[in-house]
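Following: one structure in structure tokens, then a few remarks.
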Amino acid sequence: MVERVNDLDTPERRDRLEALAPERLAELDTEDDTDDDPLGTLPNVDEYDQIRMRLAPNPNGPWHLGNARMPAVIGTYKERYDGWMLCRFDDTDPETKRPELAAYDSILDSIAYLGFEPDEVIRASDRLETYYEHARELIDRGGAYTCSCSAEAFSDLKNNGEPCPHRDKDAALVADEFEAMVNGEFSAGEMVLRARTDITHKNPALRDWVAFRMIDRPHPREAAAEFRCWPMLDFQSGVDDHLTGITHIIRGIDLQDSAKRQQFLYDYFDWEYPEVLHWGHVQIDDYDVSMSTSTIKALIDDGELEGWDDPRAPTIESCKKRGILGEAIVNALVELGTSTSDVDLAMSSVYAQNRELIDDETDRAFFVRDGVERQIVGGPDAGNPPVHPDHEERGTRTIPVEGGVLLESEDLPANGDRVWLKGYGCVRHTRDALEFTGDSIDVVRNEGVPVVHWVPARDNVSLELKTMDGTVTGHAEPGVQSYDPGAELQFERVGFIRIDASSTPMVAYFSHP
RNA sequence: GCUCGGUUGGUGUAGCCCGGCCAAUCAUGCGGGCCUUUCGAGCCUGCGACACGGGUUCAAAUCCCGUACCGAGCACCA
């Protein structure tokens with residue numbers, strides 16, 4: 001029987017199924033409604049009235065493209081499920097990953113550039129009292145103890161699955177010592193509060209982790225500068241996720257054990273842990289600079305990069321300068337999905353997305369790098385290429401040839417050969433000039449005459465083009481002068497660019513081919 | 001050392017939970033062709049992948065075991 005079914009082809013099976021069980025066929029047909037984004041569905045969405053997610057950036061510097069993945073994916077899910085999105089600054093380390101005051105705003109700016117707006121913004125450093133209250137509650141429930149072991153001494157015990165002497169401390173003493181921590185009566189390293197998990201747990205990463213520690217250096221935010229007793233990420237984030245009603249957490253595989261650690265906390269408090277997804281690290285091709293906040297910062301400090309918006313830096317600010325839309329970045333990042341394995345983001349994918357978004361609206365212009373000058377002999381006074389080849393209604397540009405033209409040296413034909421100056425006509429290279437031939441466009445179609453871009457030798461605009469490989473100087477056609485900073489153009493046969501400054505020379509950033 | 005996770009074409013991804021519509025999706029990339037006064041867009045077309053070995057099964061990308069490789073955690077970082 002099974003073999004006979006296997007022998008049927010798909011339409012035959014459908015026919016048989018329709019005859020036997022039409023309702024099952026309808027089910028099959030509706031199973032593949034797909035969304036317009038490539039992300040998978042979130043787990044158990046039906047169990048929640050509202051999907052609530054959070055971005056949890058550490059404000060220790062401006063964002064790079066990897067950081068953008070969080071708002072790109074979470075923001076996309078928010079839109080799909082009509083959910084709620086929190087931006088929570090996890091700024092609880094004034095020492096090792098010290099927050100940078102300017103980063104709070106710059107991160108919010110980057111999120112906005114990507115096209116998203118958090119429904120609420122909070123800072124962990126505003127919430128210390130809340131964490132203290134929960135720590136007291138945890139101590140009351142027997143879930144934590146103060147410990148004055150050195151990090152090394154505790155690590156040795158822990159690795160052998162042995163408790164430290166402080167583990168069975170009297171609850172009242174724990175409470176007192178914790179208040180002393182809160183009051184700043186200890187210095188860094190002298191005392192911590194540990195979560196009591198399972199000191200013999202087979203995974204050593206979960207054994208009695210630190211919940212609070214002392215930090216001597218004041219927090220850079222004035223409002224938080226007086227505190228010395230700071231929660232660790234697992235405690236702070238665990239409490240906040242519950243209090244803000246987060247239903248779905250998405251975070252990196254480096255935090256794979258976090259949920260397991262925090263589960264002990266949730267058990268003590270009798271809370272329900274949110275759904276959690278982990279994704280791998282993102283690497284990026286095409287850049288020589290690694291996608292790491294600290295690396296980029298170091299290169300800027302050393303003068304290797306001009307700043308966070310240097311086109312060689314894989315940052316959001318640099319993309320913005322280059323005219324790469326936030327939407328293009330988001331589309332490319334969303335395409336990466338949320339797999340747990342490490343992924344490479346191909347910049348060609350970002351470029352393809354951006355091209356699709358801006359191509360139709362972007363005016364065309366000529367830009368000649370390292371120009372070779374030649375006089376034009378005979379022929380009209382000016383060329384008139386279209387503003388956009390697909391939109392005749394947008395008109396034409398007027399580019400004079402009086403006084404000669406500049407061609408890219410590679411485009412200058414050999415003596416005696418012809419070349420078609422785009423928007424002007426066919427010319428022949430004779431000794432030291434270009435003679436207008438009056439040939440029709442058929443010579444391009446049938447005889448293989450190359451088509452090249454050009455600019456007037458005199459009436460042109462000097463322009464510096466900043467690219468990932470350094471700055472290129474050259475000359476643009478006169479009309480480029482009239483574009484304001486922020487405008488995007490396509491330099492024909494060169495690529496898309498964004499005008500950055502109307503100075504002399506003008507400054508533009510190269511977007512992509 | 002202990003623990004946890006991963007491996008689908010050049011890149012990314014879908015499918016895996018619930019084995020059969022999978023001779024494996026879509027995008028990007030690269031190659032051809034058409035069109036074209038761009039190296040852009042559009043249209044047509046081609047290239048190219050289930051890490052390896054066993055097992056279960058009528059049937060395995062999908063389930064199980066092992067191997068290899070990659071990654072992560074075992075911080076008083078996030």
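FYI, side chains are in, hydrogens and waters are out, and symmetry mates aren't considered; it's all heavy atoms of this structure. Proteins get letters first, then strands, A, B, ... in listed order; numbering begins at 1 in each.
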With a 3.5 angstrom cut-off on both distances, give the Watson-Crick or G-U wobble partner of B/G1, or none if there isn't one. B/C74
Euclidean distance for C1', B/C65 against B/G48 (whole angstrom): 31 Å
Who is the Watson-Crick or G-U wobble partner of B/G9, with both distances under 3.5 Å? none
Using a 4.5 Å cut-off on heavy atoms from C-beta on, say whether the side chain of A/Glu488 contacts that of A/Phe496. no
Any strand, both distances under 3.5 Å, Watson-Crick or G-U wobble: B/U62 pairs with none
A/Asp359 has its side chain closest, among B/U28, B/A41, B/U37, to B/A41
If only side-chain N and O atoms of A/Arg364 are considered, is one of them under 4.0 Å from the OP1 or OP2 phosphate oxygen of B/U38? no
For B/C2 and A/Arg207 - does any side-chain N or O of the residue sit under 4.0 Å from the phosphate oxygens OP1/OP2? no
Taking a pair to mean Watson-Crick or G-U wobble geometry with both distances below 3.5 Å, B/G48 pairs with none
Choose from B/G5, B/G1, B/A78 the nucleotide whose nearest atom is closest to any side-chain atom of A/Asp93. B/A78
Taking the ring centre of each residue, are A/Tyr145 and A/His166 less than 6.0 Å apart? no
Aromatic centroids of A/Phe510 and A/Phe491 separated by under 6.0 Å: no
Which nucleotides of nucleotides 62-69 of chain B have their base under 4.0 Å from a protein heavy atom (B), which only their sugar-phosphate (S), and which neither (-), written as one string 5' to 3'? --------
A cation-pi test, strictly: NZ or CZ of A/Arg69 under 6.0 Å from the centre of the six-membered ring of A/Trp279 and no more than 45 degrees from its axis. Yes or no? yes
I'd like the P distance from B/C17 over to B/C64, given in whole Å. 9 Å
A/Asp254 has a side chain; which of B/G1, B/A78, B/G71 sits nearest to it? B/A78
From C-beta outward on A/Met232, which listed nucleotide comes closest to its side chain: B/U37, B/C77, B/G73? B/C77
Could you encode protein contacts along nucleotides 8-18 of chain B as a string, one character per nucleotide from 5' to 3', using B for base contact, S for sugar-phosphate-only contact and - for no contact, with a heavy-atom cut-off of under 4.0 Å? ---SSS-----
Checking N1-N3 plus N6-O4 or O6-N4 for Watson-Crick, or N1-O2 and O6-N3 for wobble, each under 3.5 Å, the partner of B/A41 is none
Partner of B/A24 by Watson-Crick or G-U wobble geometry, both contacts under 3.5 Å, or none? none
So OH of A/Tyr483 and CZ of A/Arg498: to nearest 0.5 Å the spacing works out to 15.0 Å
Testing A/Leu233, A/Asp91, A/Thr92, A/Asn58 for side-chain contact (heavy atoms from CB on, under 4.5 Å) with A/Lys97, which one passes? A/Asn58
Between A/Glu185 and A/Arg228, does at least one N-O distance fall below 4.0 Å, as a salt bridge requires? no
A/Lys260 vs B/G73: side-chain N/O to OP1/OP2 distance below 4.0 Å: no
Would A/Lys297 and A/Glu100 pass as an ion pair if we require N to O under 4.0 Å? yes
Ranking B/G40, B/U3, B/C77 by distance to the side chain of A/Asp390, first place goes to B/G40
Could you point out which residue of A/Phe178, A/Phe227, A/Tyr131 forms a ring-ring contact (aromatic ring centres under 6.0 Å, His included) with A/Phe212? A/Phe178
With respect to the side chain of A/Arg493, which nucleotide from B/G73, B/A78, B/U38 is positioned closest? B/U38
